[in-house]
There are 2 protein chains.
Amino acid sequence: MASITIIDIAKMCGVGVTTVSRAINNHPDISEETKAMIMQVIKDNHYVPNNSARNLKRSASKTIAVLIKGITNPFFNRMIQVFEKEIQRKKYSFILQHVDENQDEIEVAIELEKEKRLKGIVFLGGNFSHSKEKLDQLTVPFVLSTIGMTPEYDPSEYSSVSVDDYKESYKMVDYLCNQGHRKIAIITASMDDVSIGKLRYEGYKQALEDHELPLNEKLVYSMKENIESYSMENGYAVTKELLDSGEEFTALFAVSDSLAVGACKAIFESGKSVPDDYSVAGFDGLDITYYYNPSITTIRQPVEEIAEETIRILFDLINKKITHAHKTFPAELMIRESTTARK
Amino acid sequence: MASITIIDIAKMCGVGVTTVSRAINNHPDISEETKAMIMQVIKDNHYVPNNSARNLKRSASKTIAVLIKGITNPFFNRMIQVFEKEIQRKKYSFILQHVDENQDEIEVAIELEKEKRLKGIVFLGGNFSHSKEKLDQLTVPFVLSTIGMTPEYDPSEYSSVSVDDYKESYKMVDYLCNQGHRKIAIITASMDDVSIGKLRYEGYKQALEDHELPLNEKLVYSMKENIESYSMENGYAVTKELLDSGEEFTALFAVSDSLAVGACKAIFESGKSVPDDYSVAGFDGLDITYYYNPSITTIRQPVEEIAEETIRILFDLINKKITHAHKTFPAELMIRESTTARK
DNA sequence: TTGTAGGCGTTATCAC
DNA sequence: GTGATAACGCCTACAA
């Protein structure tokens with residue numbers, strides 16, 4: 001069955017397509033009554049305009065896309081809400097697009113930009129390692145949100161909003177050291193990670209060094225490659241290995257909260273307790289860290305502020321007020337039950 | 001800067017647009033060498049076809065859309081992975097589309113069907129209460145996955161895959177009763193909920209009745225409207241109220257795992273323990289129920305099977321092997337540390 | 001206020 | 001094997 005088109009509606013109403021188009025798009029130059037009549041016919045016949053045709057014709061549409069990389073992270077839920085609210089407040093419309101773990105987000109963005117005539121793009125999550133050449137194919141403004149960039153990128157070529165992963169990680173490890181811990185294990189990303197995983201690991205190393213503690217390689221664990229990264233399951237499996245290794249430690253810093261949850265479970269299963277036997281700390285500030293038992297010490301990222309600032313910068317970019325911008329927010333060390341001073 | 005089009009490429013290659021189109025779309029009627037040449041030019045110039053134009057022209061595209069209602073639920077992550085794998089295995093492409101809590105998923109689906117020339121649709125999550133008239137506007141096959149439908153719907157008008165929320169809920173409460181609990185509180189959806197919330201509540205009522213236990217209205221709590229539904233925060237807030245009410249109970253059944261986690265936290269904060277003072281049970285089988293401390297008794301939905309069957313039915317629908325189908329999977333009662341026999 | 005016609009970028013149809 | 005050309009469904013000058 002052929003779908004009904006704007007021409008059919010026009011014929012049914014005995015008017016031209018222009019008039020129907022005006023009715024649909026709330027154009028001013030149309031009398032109230034013809035408009036009402038047309039809308040009625042449209043409703044009766046369940047006419048729905050074809051978006052492909054609209055996008056094709058439209059030269060510019062006021063829409064922003066948010067691209068999320070990888071499996072949905074609970075961390076992003078709140079951010080997305082803020083994005084949506086802020087974008088709507090600017091009278092723009094908003095597209096949420098998932099990007100597969102093994103897809104190239106820039107390619108997706110380039111396609112989407114053409115398809116939907118985007119005005120701007122927000123990249124959320126994932127690592128970011130693309131050639132300048134590729135980035136240049138993006139002709140609309142974009143902002144990297146919550147994506148740690150290693151320093152080799154030329155900051156004048158992109159915009160970003162995030163926390164300082166290096167500094168915040170340092171803050172956490174510094175806190176643990178100050179609590180008297182001298183043997184602090186870490187669960188971090190794989191060693192070839194170039195993004196937040198690496199930055200957080202660097203912060204750990206620096207903090208140890210500043211406290212004149214040796215870096216013990218046997219206390220440095222990477223997430224398992226064959227398990228979903230940053231997941232509870234991964235934290236659990238890695239911690240089991242750490243415990244089995246027999247290497248002594250008194251505190252464990254996991255570079256994400258989910259890893260920390262898994263770590264706690266592994267510790268409980270070994271008959272030990274948190275924080276009496278081992279202090280455990282996470283990173284991100286997920287809700288679960290508050291609700292877990294014991295509640296988990298973490299670094300809380302100010303997600304609302306990050307999201308709001310992301311949109312602010314994006315619109316400044318769109319309005320050509322700036323050519324690029326970088327904003328880092330301070331994160332908050334949330335000291336909770338899972339860490340304690342070393343006895 | 002105007003975007004480069006297929007015509008530009010054709011000119012650059014000194015061929016017709018048809019030939020370029022053939023190269024892009026892997027058509028057979030084209031010599032290997034011209035194809036290679038064209039692809040090279042395309043690559044050099046970073047030409048990306050405009051999807052809107054393609055969709056507009058294409059009569060049919062082999063693509064399936066999965067629509068997710070509401071805030072992303074960790075429950076869905078695994079399902080989405082399976083959907084993607086299965087859909088790709090059938091050589092179809094796959095679109096993941098989020099639907100806002102206050103958007104009408106059917107309307108989104110209708111638009112998307114036209115825009116992308118969909119072959120089929122999967123609805124995931126949310127309640128489902130739409131007129132037959134509206135459903136009829138969907139001209140492609142669709143399957144409701146994990147969406148409890150109340151009986152008033154004519155089952156011959158749609159297809160679905162899920163667990164029997166009523167029965168599984170009954171199973172849980174029956175188990176609690178068998179453990180000697182006689183005062184079982186419940187945190188359920190709001191009373192006007194027509195979907196899984198209602199079904200799970202009905203199961204609770206029936207189990208009490210079958211055990212000849214009175215239904216105590218003072219132990220029936222609905223989630224708070226002003227807090228994100230089915231969230232830990234909601235479970236926490238409601239349980240605090242329940243505890244403050246002073247009404248006696250020995251077990252608490254929360255209709256989702258996240259609610260159960262929040263409930264545990266509230267109980268801990270009141271100085272009581274789980275399960276010694278109160279048994280707590282959830283529903284869904286999220287990872288966190290295993291990793292929580294204590295681990296939480298729950299009903300584990302077989303997400304992989306549900307997802308696989310959803311796709312199987314969808315393709316049977318597409319291939320006109322069937323006109324509709326309903327499949328319910330048994331869920332598994334996972335007895336863990338958070339529940340115990342009443343002393 | 002309303003209608004006609006051209007074009008957005010692509011693919012399908014048909015000739016060559 | 002290749003190339004013109006007509007749609008696809010809509011929007012928007014421009015004309016009436």
Side-chain angles (χ1 to χ4, degrees), chain A residues 1-39 41-42 45-63 110-118 139, chain B residues 1-39 41-42 45-63 110-118 139:
Chain A
M1 77 161 236
S3 214
I4 183 169
T5 78
I6 196 172
I7 298 176
D8 300 321
I9 297 293
K11 278 181 190 153
M12 294 167 111
C13 298
V15 301
V17 286
T18 315
T19 313
V20 178
S21 177
R22 287 204 181 100
I24 298 170
N25 297 292
N26 274 77
H27 266 272
D29 284 352
I30 183 171
S31 74
E32 272 309 318
E33 45 185 337
T34 41
K35 180 168 172 181
M37 184 266 282
I38 291 170
M39 291 313 273
V41 174
I42 286 177
N45 295 76
H46 307 302
Y47 164 68
V48 178
N50 181 316
N51 270 321
S52 286
R54 300 183 112 167
N55 291 327
L56 182 58
K57 181 62 198 181
R58 264 202 274 261
S59 44
S61 75
K62 293 173 66 169
T63 107
I110 293 169
E111 261 190 56
L112 207 60
E113 178 189 328
K114 302 207 172 182
E115 179 176 346
K116 304 283 191 182
R117 315 281 186 187
L118 299 181
T139 62
Chain B
M1 75 164 240
S3 214
I4 183 170
T5 78
I6 196 172
I7 299 176
D8 300 320
I9 297 291
K11 279 180 189 154
M12 295 167 109
C13 296
V15 300
V17 286
T18 314
T19 312
V20 178
S21 177
R22 286 201 180 100
I24 299 170
N25 296 291
N26 273 80
H27 266 271
D29 284 351
I30 183 172
S31 74
E32 273 309 318
E33 46 185 338
T34 42
K35 180 171 172 180
M37 183 267 282
I38 291 171
M39 290 315 273
V41 174
I42 286 177
N45 293 79
H46 307 301
Y47 163 67
V48 178
N50 181 315
N51 271 322
S52 286
R54 299 184 111 167
N55 291 327
L56 182 58
K57 182 60 198 179
R58 261 204 274 263
S59 43
S61 75
K62 291 173 67 168
T63 106
I110 293 170
E111 263 190 54
L112 208 60
E113 178 190 328
K114 303 208 172 181
E115 180 176 346
K116 305 281 191 183
R117 314 280 186 189
L118 298 182
T139 61

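Heavy-atom basis, side chains included; hydrogens, waters and symmetry copies ignored. Convention: sequence-line order gives letters A, B, ...; per-chain numbering from 1. No experiment lies behind these values; they were computed from the predicted model shown.
- The distance from atom CG of B/Asn51 to atom P of D/dC8 is 20 Å, rounded to the nearest whole Å.
- The phosphate of C/dG3 (OP1 or OP2) has no side-chain N or O of A/Thr18 nearer than 4.0 angstrom.
- Considering every non-hydrogen atom in both B/Asn50 and A/Glu115, the closest pair reads OD1-CA, 4.1 Å.
- Within 4.0 Å (heavy atoms only), A/Asn55 reaches no atom of the nucleic acid at all.
- In this structure, A/Arg54 CZ and A/Ser21 OG are separated by 7.5 Å, a value rounded to the nearest 0.5 Å.
- Each of A/Thr19 and A/Leu56 was matched to the nucleotide of DNA chain D holding its nearest heavy atom; the match closer to the 5' end belongs to A/Leu56.
- For the atom pair CD of A/Glu111 and NZ of A/Lys116, the computed distance is 11.5 Å after rounding to the nearest 0.5 Å.
- Contact annotation for B/Asn50: backbone-only contact, meaning every heavy-atom pair under 4.0 Å involves sugar-phosphate atoms and none involves a base.
- The separation between A/Arg22 atom CZ and D/dC11 atom P is 12 Å, rounded to whole Å.
- Side-chain N/O atoms of B/Ser31 include one lying less than 4.0 angstrom from OP1 or OP2 on D/dT2.
- Nucleotide C/dT2 holds its C1' atom 13 Å from the CD atom of A/Glu33, rounded to whole Å.
- Atom pair B/Asp29:CG and C/dC16:P shows a separation of 18 Å (rounding to whole Å applied).
- In this structure, A/Lys116 places its NZ atom 21 Å from P of C/dC8, rounding to the nearest Å.
- Contact between the side-chain N/O atoms of A/Thr34 and the OP1/OP2 oxygens of C/dT2 is found at a separation under 4.0 Å.
- If you take CZ of A/Arg58 and P of C/dG7, they are 21 Å apart, rounded to a whole angstrom.
- In this structure, A/Lys35 NZ and A/Ile42 CD1 are separated by 10.5 Å, a value rounded to the nearest 0.5 Å.
- Residue B/Arg117 contributes atom CZ, which lies 16 Å from atom P of C/dT10 at whole-angstrom precision.
- Contact annotation: A/His27 reaches the phosphate of D/dT12 (side-chain N/O to OP1 or OP2, under 4.0 Å).
- Residue B/Arg54 has a polar side-chain atom (N or O) positioned under 4.0 Å from OP1 or OP2 of C/dT11.
- Counting non-hydrogen atoms under 4.0 angstrom, A/Ile30 reaches the backbone sugars and phosphates but no base.
- Counting non-hydrogen atoms of other residues, nucleotides and ligands closer than 6.0 Å to NZ of B/Lys62 gives a total above 12.
- The side chain of A/Val15 approaches C/dG3 more closely than any other nucleotide in the set C/dG3, C/dT10, D/dT12.
- If you measure from atom NZ of A/Lys57 to atom C1' of C/dG7, you get 5 Å, rounded to the nearest angstrom.
- Under 4.0 angstrom from either OP1 or OP2 of C/dC8 there lies no side-chain N or O belonging to B/Thr5.
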